[in-house]
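Here the structure comes first, spelled out in structure tokens, and everything after it is commentary.
Naming convention: chains lettered A, B, ... in sequence-line order (proteins, then strands); numbering from 1 in each chain.
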Protein chains: 2
Amino acid sequence: MTEPERLRADAVRNRTAILRATEELLTRYHPQQISMEQIAAAAGVGKGTVFHRFGSRYGLMRALMQERAQDLESAITAGPPPLGQGAPPRVRLLAFLTAVVDLVARNKGLLAALGPAAPVTTAPVTTASASVTTVPEQEPREAHPVYKSWHGHISQLVYQQRQDLDADMLAHVLLATLHSEPILNALQRGDGNRLDRTLRDLVTGLLPE
Amino acid sequence: MTEPERLRADAVRNRTAILRATEELLTRYHPQQISMEQIAAAAGVGKGTVFHRFGSRYGLMRALMQERAQDLESAITAGPPPLGQGAPPRVRLLAFLTAVVDLVARNKGLLAALGPAAPVTTAPVTTASASVTTVPEQEPREAHPVYKSWHGHISQLVYQQRQDLDADMLAHVLLATLHSEPILNALQRGDGNRLDRTLRDLVTGLLPE
DNA sequence: ACGCTACTGGACCGGCGGTCCAGTTGTCGA
DNA sequence: TCGACAACTGGACCGCCGGTCCAGTAGCGT
């Protein structure tokens with residue numbers, strides 16, 4: 001998926017140092033509390049290095065997210081059932097949801113750190129007696145790769161079992177769970193099993209055996 | 001609920017001007033694109049006035065949210081069925097979800113603007129060779145009043161019909177829907193009925209007649 | 001009409017995300 | 001082994017933003 005992209009030895013060292021420092025900070029603080037300067041300091045590098053490697057705050061979070069999601073990704077596409085191919089869709093979906101809840105629980109702040117969407121450019125200033133010139137409008141922001149992948153997987157499994165449902169929307173609803181602050185708080189308190197059971201109840205209500 | 005809190009005439013005028021300007025900007029730009037200075041300029045007041053009235057960005061968004069949620073609130077507590085008391089819980093829940101989806105669809109960026117949670121204080125800077133002194137840790141942030149109200153309403157209705165479910169968690173899951181960027185994008189495209197139908201499917205799967 | 005006081009608004013502050021570029025250091029061909 | 005070039009580094013710097021401050025202003029009670 002990602003090409004090797006030869007990096008210099010020190011670049012590789014600093015890259016991993018930054019990633020490790022970031023996740024260490026994420027376990028202790030809310031994402032909005034963490035500045036790029038803090039990350040750089042904690043990793044023992046300069047701020048310029050962080051931006052040179054990851055481009056932006058969003059890029060850093062995305063890279064970390066992808067790293068964490070890699071195992072699950074390969075388990076789905078190439079692993080054994082019930083996560084991998086072979087089990088009935090309903091079972092695969094339940095297994096996948098359990099795995100995702102677990103992944104998110106172990107990486108508390110990460111989802112909240114980037115939201116499901118890409119970054120944004122700022123809007124122009126307009127005074128009260130405004131000109132009525134061309135309106136820049138907001139365009140929908142694109143979801144990050146991991147979200148897209150998860151959404152595609154869920155909606156596909158749902159569709160295989162129930163063509164009469166709105167699989168696309170249902171997948172969004174199920175994933176929305178993982179971006180809710182109260183739920184992330186619950187996960188941090190160790191209530192992952194409660195969330196897992198609730199999602200299972202919801203899914204089994206729709207996809208009976 | 002809110003005491004009258006006598007305000008001077010110009011204060012009232014500016015208060016509403018700020019609220020109107022804010023919601024006007026919210027319909028056109030993503031919340032993160034809007035600065036407090038822009039809001040002040042669009043309302044034709046100084047930045048100090050905005051902060052004097054609302055305290056902070058979060059306070060402004062919360063006030064706007066409460067204003068918008070007021071009608072629904074009174075419809076639930078004092079209005080006729082199916083929103084108000086009198087209908088069976090299952091019917092009331094479905095009616096409530098429809099109403100909330102409609103409310104959010106008509107106030108696109110507002111939910112995203114505050115998230116379900118209160119603001120946050122920033123973390124200290126720590127160098128790589130860090131001291132291992134007292135850890136400030138992140139504490140869970142409290143949800144805003146409207147979220148609390150909605151969550152309480154939903155979980156209560158669920159509990160009335162199914163004591164065996166985790167009504168608390170289920171209510172969080174259902175509400176999480178409204179904080180998801182992809183779903184908010186869908187609402188903006190006019191897909192409110194799709195979301196409504198999906199939520200109905202989920203709920204009817206759990207709460208059969 | 002007058003004075004008290006709440007309100008106003010723009011200058012100001014600390015800090016943040018992101019840029020820049022001069023200096024440094026791995027890497028690789030000869 | 002060594003030189004030179006490109007990639008990497010990091011800290012100074014920039015523009016902007018949320019929030020504060022306070023001198024000036026203007027509603028409101030008397």
| said: One thing to verify: whether E37(A) and R57(A) come together as a salt bridge, which I'm taking to mean a side-chain N less than 4.0 angstrom from a carboxylate O. | reply: no
| message | OP1 or OP2 of dG10(D) versus the side-chain N and O atoms of T49(A): is any pair under 4.0 Å? | response | yes
| field | Nucleotide dT9(D), atom C1' - distance to CZ of R15(A) in whole Å | value | 17 Å
| request: Figure out the CZ/P separation between R53(B) and dG9(C), and round it to whole Å. | output: 12 Å
| query | Of the candidate nucleotides dT8(C), dG19(D), dG10(D), which contains the atom at the shortest distance from the side chain of N14(B)? | reply | dT8(C)
| said: What's the closest nucleotide to the side chain of A11(A) if the choices are dT9(D), dG19(D), dG18(C)? | reply: dT9(D)
| request: Find out whether R106(B) and L103(B) are in side-chain contact, i.e. whether some heavy atom of one side chain is under 4.5 Å from a heavy atom of the other. | output: yes
| task | Taking only Lys NZ, Arg NE, NH1 and NH2, and the carboxylate oxygens of Asp or Glu, determine whether E24(A) and R20(A) approach each other closer than 4.0 Å. | result | no
| message | Strictly below 4.0 Å: does R8(B) bring a side-chain N or O up to OP1 or OP2 of dC28(D)? | response | no
| Going by atom types alone, do H179(A) and H179(B) pair a side-chain donor with an acceptor below 3.5 Å? | no
| query | dT9(D) phosphate, OP1 or OP2: any side-chain N/O from H52(A) under 4.0 angstrom? | reply | no
| request: Provide, to the nearest angstrom, the distance between the OH atom belonging to Y58(B) and the P atom belonging to dG19(D). | output: 12 Å
| said: Output the rounded distance in Å from CG (L60(B)) to P (dC17(D)). | reply: 16 Å
| request: Identify which nucleotide among dG19(D), dC8(D), dG17(C) has an atom closest to any side-chain atom of F51(A), counting heavy atoms from C-beta outward. | output: dG17(C)
| said: Parallel, tilted or perpendicular: which one describes the rings of Y147(A) and H151(A), with boundaries at 30° and 60°? | reply: parallel
| request: Figure out the CD/P separation between Q32(B) and dG17(C), and round it to whole Å. | output: 13 Å
| Nucleotide dG17(C), atom C1' - distance to CZ of F54(A) in whole Å | 16 Å
| said: By nearest heavy atom, map K47(A) and G48(B) onto DNA chain D; which one lands nearer the 5' end? | reply: K47(A)
| task | Find the distance E37(B):CD to dC12(C):C1' and express it as a whole number of Å. | result | 11 Å
| message | Closest approach to the side chain of A9(A), judged atom by atom: which nucleotide of dG27(D), dG10(D), dT27(C) is it? | response | dT27(C)
| request: Using atom CG of D10(A) as one end and atom C1' of dG23(C) as the other, report the distance to the nearest whole Å. | output: 14 Å
| task | Measure from the side chain of M36(A), starting at C-beta and using heavy atoms only, and say which of dG17(C), dC8(D), dG18(D) lies closest. | result | dG17(C)
